[in-house]
Amino acid sequence: MMKGLTTLCYIEKDGQYLMLHRTKKEHDINKDKWIGIGGHFEVDESPDECLRREVFEETGCTLGSCTLRGIVTFVSDGRAPGAGVTEYMFLYTAEDLQGEPADCDEGELVWVNKEECPDLNVWEGDKIFFRLLNTHPEFFSLKLVYDGGDRLMYAALDGRPLEL
């Protein structure tokens, strides 16, 4: 696993996203959160290879076509132990999932209506993803700075600060 590089995909079908409710792993930064499908790069993987592997590992399905929508830079500002970390995430969308999702060892896979996703227990920055995926057709760069925990302190879209 390569720290600092991840992928995330919102897979859509019939107006719903396939979401992973992270409930099974101990010591999980995403514990009890709802997230898309993805994970950390393995050595020598491209973003596309990482995403396809992670989708298969987490769902048992094969990902067909997908679209790279943006790069998200996460920064934890160093106020908490182990903080001060920067992570770069390649954010994708897809509508071509081949197969039916199987049980996942990281949590429960659930199809959720797209408009309901921001109301789930998600990271504050994920609410920005959902808005951008629906309203911002161009490729984007998003920077999210957290306080070392769950509190989003700063966000910037394409280098310009966003109002929180």
Side-chain angles (χ1 to χ4, degrees), residues 2-22 28-41 45-55 58-59 61 63-77 83-97 101 104 106-164:
M2 294 188 60
K3 290 193 178 253
L5 294 172
T6 62
T7 59
L8 185 73
C9 188
Y10 289 106
I11 301 167
E12 184 179 351
K13 179 177 85 173
D14 300 326
Q16 299 179 315
Y17 284 137
L18 183 60
M19 299 293 289
L20 175 57
H21 189 200
R22 298 285 292 251
D28 183 357
I29 192 168
N30 292 306
K31 182 79 170 164
D32 295 322
K33 299 273 191 215
W34 291 80
I35 62 171
I37 308 300
H40 287 87
F41 281 52
E45 277 186 323
S46 71
D48 292 339
E49 291 168 330
C50 174
L51 179 65
R52 291 175 188 289
R53 176 186 51 76
E54 286 287 346
V55 167
E58 292 181 359
T59 70
C61 299
L63 185 63
S65 63
C66 57
T67 303
L68 180 59
R69 299 291 304 277
I71 295 178
V72 182
T73 304
F74 292 100
V75 178
S76 181
D77 79 348
V85 174
T86 300
E87 178 180 303
Y88 301 95
M89 183 183 75
F90 293 79
L91 181 64
Y92 289 83
T93 55
E95 295 180 4
D96 187 8
L97 188 66
C104 178
E106 296 182 11
E108 182 183 6
L109 292 166
V110 179
W111 290 100
V112 178
N113 290 331
K114 288 170 52 174
E115 64 274 1
E116 295 173 11
C117 290
D119 298 328
L120 298 172
N121 182 23
V122 297
W123 292 97
E124 286 302 309
D126 290 19
K127 294 176 184 181
I128 298 172
F129 302 168
F130 293 129
R131 187 176 75 244
L132 291 173
L133 292 175
N134 289 324
T135 63
H136 196 83
E138 301 87 27
F139 183 88
F140 59 86
S141 173
L142 181 64
K143 182 176 183 179
L144 302 171
V145 179
Y146 285 88
D147 68 353
D150 283 1
R151 187 164 162 251
L152 183 62
M153 303 195 46
Y154 174 82
L157 176 62
D158 297 329
R160 295 179 193 94
L162 291 174
E163 194 167 317
L164 296 179

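Being a predicted model, the structure only gives us computed values, none of them experimental. For the single chain, residues carry numbers from 1 onward in sequence order.
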Nearest heavy-atom neighbours spanning V122 and C117: CG1-O, 3.7 Å
N-O pairing of E124 and K127 below 4.0 Å: yes
Atom pair CG (L63) and CD1 (I37), whose distance is rounded to the nearest 0.5 Å: 10.5 Å
Validation row: K33, D150 side chains within 4.5 angstrom (heavy atoms): yes
Partners meeting ring-ring contact (aromatic ring centres under 6.0 Å, His included) with F140 (sequence neighbours left out): H136
CD1/I29: more than 12 non-hydrogen atoms of other groups inside 6.0 Å: no
Rounded distance (nearest 0.5 Å) linking atom CE of M89 with atom OG1 of T73: 9.5 Å
NZ (K143) with more than 12 external heavy atoms under 6.0 Å: no
R69 side-chain N/O to F90 backbone N/O, donor-acceptor pair under 3.5 Å: no
D158 side-chain N/O to S141 backbone N/O, donor-acceptor pair under 3.5 Å: yes
Min side-chain heavy-atom separation S46-F41 under 4.5 Å: no
Least distance between heavy atoms, L8 atom then L51 atom: C-CD1, 4.4 Å
Pair T93, E12: side-chain N/O donor-acceptor within cut-off below 3.5 Å: no
D126 (side chain) donor-acceptor with I35 (main chain) under 3.5 angstrom: no
Nearest-0.5 Å distance, NE2 of residue H21 to NZ of residue K31: 9.0 Å
Heavy-atom closest pair, residues E115 and D119: O-OD2, 4.2 Å
Heavy-atom closest pair, residues L162 and R131: CD1-NH2, 4.3 Å
Y88 atom OH, over 12 foreign heavy atoms within 6.0 Å: no
Check: F74 and V85 side chains under 4.5 Å, non-hydrogen atoms: no
Plane angle bin for Y10 and Y17 - parallel if under 30°, tilted between 30 and 60°, otherwise perpendicular: tilted
Closest contact, heavy atoms only, E45 versus H40: OE1-O, 4.4 Å
Worked verdict on E54 versus C9 for side chain to side chain contact (heavy atoms under 4.5 Å, CB included): CA-CA 10 Å; E54 286 287 346; C9 188; over 6 Å; no
Side chain proximity check, W123 to L152, heavy atoms < 4.5 angstrom: no
Taking every non-hydrogen atom, the tightest pair across C61 and L97: CB-CD1, 3.5 Å
Heavy-atom side-chain contact between Q16 and V112 under 4.5 Å: no
